[in-house]
Each structure stands twice: as C-alpha cells, then as structure tokens.
Amino acid sequence: MHITIRQLQVFDSVARNLSYTRAAEELHLTQPAVSMQIKQLEGSVGLPLFEQIGKKIFLTQAGEAMLGHARNIMQNLSAAADEMDDLKGVDSGRLKVAIASTVNYFATQLLAVFSREHPTVEISLDVTNRELLLSRLEANIPDLALMGKPPADLDLVAEPFMDNPLIMVAPPDHSLAQKKNIHLADLQDEDFVVREPGSGTRVAMERFFSEQDFVYRKGMELMGNEAVKQGVEAGLGLAIVSVHTVEQELTLRRLVKLDVLGLPIMRRWYVAHRRGKRLSATARAFREFVMKAGSNAR
Ligand code: PGA
C-alpha cells in the first residue's frame, strides 16, 4: 500500500464531517482536491472507503477499519512531533489552539502577548462554535482549547481561568431600557435573536429560560455573535450574549444591558485538553500563561 499522511488527514476530515465540502473548507482545499486524495487512497487500499446513499455519504466497513488505523498513525506522528518540540524547548514549538467563537473577543489579544514573549513559536488558531470545537477535540486536533465548561463524557482535563457572564442586551431606545428588576414574564411579547444551534451561548440561554419556566419567543436565528449584535441593534429583538462580545457596543451605547432578574448567567471559560495528551513544553507554557492572564483579569 502506498499511502501518504496527507491522504490520511483528508480521509479523517471527510470521515468526521461526512461531507467533501466541509472537509475542503476545514482543510482549506478545493472540493476536487479532496475527492482526488480520497480516490487515490481508495486506489491504494483496493476497496471503497465511502458509499453514497441519496445525497449522503457513509463510511463502508473498510472505511471504518481504515479510519481507526489512520487515527493511530496520525496520533503517533503528532506524539513524535510533540516529543521533538519538547526536546527543543518552549520557543521552538508549534501550538495549535482551538477556541469557541465567543472566546475570540479576548483570545487574540492573549495570543498576541504570548507570541511577543515567544516570537519563534508557530501558532495556529481555529475559531468555531462549541459543537465543532468539541468534534475537533474528539479528533485530537488542537493541543489546547479555550471554551465553555466541557461535557463530562469527553475525557478532558479542563480548568477554569476566567468568568463569562451572559447578559441580556437591547437597543438603547427599547421601552425596557431604563426599567429596574425586569421579570422574565415582562418579556413574553419580545422576540429573541438567537445564535445558531451548536453555540454554547445558545445552550446556556435555553437552559436558563427553561429553569425559569420561561417560554421565549424565537425571532431570527443568526450565525455568530457579530450577526446577533447587529440583529439587536437593527431592532430584530433582544438577545443573551457574553459580556465579552459587547464591551464596545455598551461603551458606545449602541446596545444597552437590560436589568433582568436572575441575570447574568454566570459561566466560566476553561482551558482544556484531551486527558492522556502529552502536552509539549510550548503547550504547557501557553496553558500557564492563560491561567495567569485569567487570574490577573479577576
Ligand atoms: P459559543 O461559545 O456560543 O461561541 O459556542 C462557547 C460557549 O459559550 O460555550
């Protein structure tokens, strides 16, 4: 079998996403390039790895078996690279960080400071919502992730480093903008602009509303924090967002925080990695840096 590591990476991405298009996006390749790599791999293996039923693709039995081997090979390679980086020391390593989209509002500053202190470290940053971030961790792609509280069923080591209060925002001319102690019952006739499914912010908002027995009226569903903020500014409805995403809008009074009883929802940001993952010296240094930056921000 003549197989390249690149083919295995492409295969892993298509198998995780069950889509050539999404794999192409993830790997910054064109879709024909992805199909070509899979065809070549299937040629070397001598069996089809995917089958198409209707519009969906599925792994064949050979595909399932091959995927296990592909992941072992990639994990061994990445462990070898980490061990070599470790021997070279903090400053010669690479660092793969995955962050939840909401973390992006302060993570880039953190990375900028870290990168000034360690200018030779090669950093790659992957920004996605919570659900995609969890699938990246499951596939053992990032060294470290900055995210909301991880679920217990994924075997992660996670430590909180900063508070993440979620607040409700409205346009400044909203009728409740000046009101104190707003009850959720006062918001029955309001539309809520919400994040896409897969967003941790959305999960936390829906959990809060259901704990309070409040059935919210869903307005528009928008992709990402920027779209939600613009939706609220444009008068499409109210929204629950992380305070980190709206600092500027609150200062410039493009949005106001509503004084709703029970809010803020107090969440925390965590720095996480797969249990059993051998963190390189660079990853350990970044982890310590994040923990310290978090305690300074308190
Ligand atoms: P998200 O944030 O809403 O951008 O997915 C992650 C989280 O709050 O857990």
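This is a predicted model, so every value here is computed, not measured. As the structure lists them, so they are numbered: ligands from 1, and atoms in each ligand from 1.
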Asks: With distance as the sole criterion, is a donor-acceptor pair present between the side chains of N225 and S101 under 3.5 Å?
Replies: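 Note: N225 and S101 side chains miss the donor-acceptor criterion.
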Asks: Report whether V193 and L176 are members of the same hydrophobic cluster (ILVMFWY, side-chain heavy atoms less than 4.5 Å apart, transitive linking).
Replies: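 No; tracing contacts between hydrophobic side chains, which count when under 4.5 Å, never links both residues.
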Asks: From the options H273, R274, K277, select the one residue that forms a side-chain hydrogen bond (donor to acceptor under 3.5 Å, both in side chains) with N140.
Replies: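 Among the candidates, only K277 passes.
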Asks: Between ligand 1 and the protein, tabulate every N or O atom pair separated by less than 3.5 Å, reporting distance only.
Replies:
from, atom 1, to, atom 2, distance (Å)
ligand 1, 2 (O), T102, OG1, 3.3
ligand 1, 3 (O), R195, NH1, 3.2
ligand 1, 3 (O), S199, OG, 2.8
ligand 1, 3 (O), G200, N, 3.1
ligand 1, 3 (O), T201, N, 2.9
ligand 1, 3 (O), T201, OG1, 2.6
ligand 1, 4 (O), S101, OG, 2.7
ligand 1, 4 (O), T102, N, 3.2
ligand 1, 4 (O), T102, OG1, 2.8
ligand 1, 4 (O), R195, NH1, 3.3
ligand 1, 4 (O), R195, NH2, 3.1
ligand 1, 5 (O), R130, N, 2.9
ligand 1, 5 (O), G200, N, 2.8
ligand 1, 8 (O), R267, NH1, 2.5
ligand 1, 9 (O), R267, NH1, 3.4
ligand 1, 9 (O), R267, NH2, 3.1

Asks: Take L47 and Q61 through the test side-chain contact (heavy atoms from CB on, under 4.5 Å) and record every step on the way to the result.
Replies: CA-CA 10 Å; L47 287 167; Q61 200 183 344; over 6 Å; no
Asks: Any idea how W269 and F106 line up, ring-wise: parallel (<30°), tilted (30 to 60°), or perpendicular (>60°)?
Replies: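 Rings of W269 and F106: tilted, as their planes differ by 30° to 60°.
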Asks: Measure up the F192 and F209 rings against each other and bin them: parallel (under 30°), tilted (30 to 60°), perpendicular (over 60°).
Replies: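 Aromatic pair F192/F209 classed perpendicular.
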